[in-house]
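For reference, the structure discussed in these notes is given below.
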Number of protein chains: 2
Amino acid sequence: MAASPHADEAVAIAVSTVIFALRQDDGIGAANGDPTIWLPLVRRIREPFDGSWALPGGPLDAHESLADAARRSLAETTGLAPRYLEQLYAFGDVDRSPGGRVVSIVYWALVDSAEARRALVGQNVRWFPADRLPRLAFDHNEIVAYALGRLRTKVEYSDMARALLGETFTLTELRSVHEAILQRRLDPANFRRQVDAHGQLEATGEMRRTGAHRPARLYRYAAAPAPAPAAPPSSPTSSSPTKETTR
Amino acid sequence: MAASPHADEAVAIAVSTVIFALRQDDGIGAANGDPTIWLPLVRRIREPFDGSWALPGGPLDAHESLADAARRSLAETTGLAPRYLEQLYAFGDVDRSPGGRVVSIVYWALVDSAEARRALVGQNVRWFPADRLPRLAFDHNEIVAYALGRLRTKVEYSDMARALLGETFTLTELRSVHEAILQRRLDPANFRRQVDAHGQLEATGEMRRTGAHRPARLYRYAAAPAPAPAAPPSSPTSSSPTKETTR
DNA sequence: GCAAAAGTGTTCCGACTACACCCATGA
DNA sequence: TCATGGGTGTAGTCGGAACACTTTTGC
């Protein structure tokens, strides 16, 4: 049944997700300590762009919200359940998809390293370092670049980096997350003061010992995560924009 | 191309715009100097919400970009051509539109006062003060509240306020725009230093004399507007997200 | 003891704030 | 000359950046 008088004039809606995780290794096998940003892509198995790598996603089901569609397609294609999920942008240029007009509502997401290892990697799903991507299907290279920009600006003023870590962590681990995203070194002393000035961290009392040096205190987040993709008073469970997620 | 096996499961796309302007008067007729934020709404002439006020908008045409659809529907319903236009958010809750699933890609826009006076006000188009809206159709009250939040956070770090003013203006006029949006008084001395620290203003050499006091210098913006809804390197004319429009 | 990372202290600087003060005009 | 807004000067405060220094471990 056609959605408009002219069947070929219908506009399809798709929901895709740029999902980030940190990995220690460099892809060749050397775990050199400094984590870098990786993301999972799925190989397309039909035209257009058959064989190309693309963002996980799929059509919007009539009975699910946009965020639910993002979570579902993510689970179906990669097996991943993100800790953080936020709408990025709606991409709707007329010519962005050869062979049919598609508006893509794109989300971006974060998973911690443990969850990332759980991904269903295989013939058609693979992790790529965010700064060394192949030529992707559609306008997905641009979309990833935009998502990376958002990740980098948002890590500086929100607590969203916590979604990339486990329950407890050292300040050096938290700092290395920020360093991986911002791609520059941060002063350990100043970083420490900045994070505990926000008063969201509490020491667990435990220590983590690694290497030939003083052990580090372990911390956890005391406060709930900043209401990132939470809702304005109205609809608490479904998808609504944050008070101000974007600057 | 059928959108889905069941016609009633198709998801429609609409594009709507929250468009802001400043007005001196208070709606009753008293021009008391302090401008306030107003926005135009259109009266719905069919179900659902027949008779209710709603954001200007309409369906997405298959051959136009999202931003073009926003501009077109704005021109058709209100006659307005905004100076500033940027994507706000895609609203897609399942139950937001009784009688059919609709995903609304919402833009927000600014017009200057001269353009605002040009609007086709009539039986079915009227301006409302942004903080005293009636109950609107759909989730449009929430959408306006979200857009107001974005306006208020963005005015503090971008030059987007210029879209609400004419070619030349005094610093007091520019400051009163900020005050109207932020709903608080700003120190004239500090405001002056902040704006010219950004180095975007240049004095025209002209003066504006109003009232029984020292005339004020007129300024204009020297630099091009910050690339608000401009494009990452690729597509210069069409709709792409800004480098970082959202915080 | 020595290297290395954890953690503390201190200084400098730039941005924002508050507010005192002078300037130019119309009435 | 007085009221009013235009415009300048200046001292206080706050947060970030830089970096010296101490602590605690493994070897």
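Chain identifiers are assigned alphabetically (A, B, ...) following the order of the sequence lines, protein sequences preceding nucleic acid strands; residue numbering begins at 1 within each chain.
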May I have the distance from B:Arg192 (atom CZ) to D:dG7 (atom C1'), rounded to whole angstrom?
5 Å
Mind checking what makes ring-ring contact (aromatic ring centres under 6.0 Å, His included) contact with B:Phe20, not counting sequence neighbours?
none
Nearest whole angstrom, please: distance from the C1' of D:dT8 to the CG of B:Asp196.
12 Å
Side chains of A:Trp53 and A:Leu133: closer than 4.5 Å at any heavy-atom pair?
no
Here the residues of residues 197-210 of chain B within 4.0 Å heavy-atom distance, strictly under, of DNA chain D are none
Using the six-membered ring wherever Trp is involved, compare the ring planes of B:Tyr221 and B:Phe169 and label them parallel, tilted or perpendicular (cut-offs 30° and 60°).
tilted
Taking atom P of C:dA5 as reference, at what distance in whole Å does atom CZ of A:Phe169 sit?
21 Å
Side-chain heavy-atom pair B:Arg217, B:Leu171 within 4.5 angstrom cut-off:
no
What is the separation between atom CG on A:Leu174 and atom C1' on C:dA6, rounded to the nearest whole Å?
15 Å
Could you check whether A:Thr172 gets within reach of a base, just the sugar-phosphate, or nothing at all, counting any heavy atom under 4.0 Å?
sugar-phosphate
Any A:Phe91 side-chain heavy atom under 4.5 Å of A:Phe138 side chain:
no
Salt bridge or not for B:Asp187 and B:Arg193, using N-O below 4.0 Å?
no
Whole-Å distance between D:dA17 P and A:Leu186 CG?
9 Å
Would you please test B:Leu22 and B:Thr36 for side chain to side chain contact (heavy atoms under 4.5 Å, CB included) and show each step?
CA-CA 5 Å; B:Leu22 292 185; B:Thr36 51; over 6 Å; no
By nearest-nucleotide position on DNA chain D, the 5'-leaning member of A:Ala212 and B:Pro188 is B:Pro188
Tell me, do B:Leu41 and B:Arg126 make a side-chain contact under 4.5 Å, heavy atoms counted?
no
Interatomic distance, B:Leu171 CG vs D:dG7 C1' [rounded to whole Å]
9 Å
The contact string for nucleotides 9-22 of chain C, one letter per nucleotide 5' to 3', using protein heavy atoms under 4.0 Å with B, S and - for base, sugar-phosphate only and none, comes out as BB------BBB---
C:dA5 C1' sits how many Å from A:Glu173 CD, rounded?
13 Å
Any side-chain to backbone donor/acceptor pair from A:Arg83 onto A:Leu165? Under 3.5 Å, distance only.
yes
Does A:Arg217 have a side-chain nitrogen or oxygen under 4.0 Å from the phosphate oxygens OP1 or OP2 of D:dT24?
no
Rounded to the Å, how far apart are B:Arg175 CZ and D:dG6 P?
6 Å
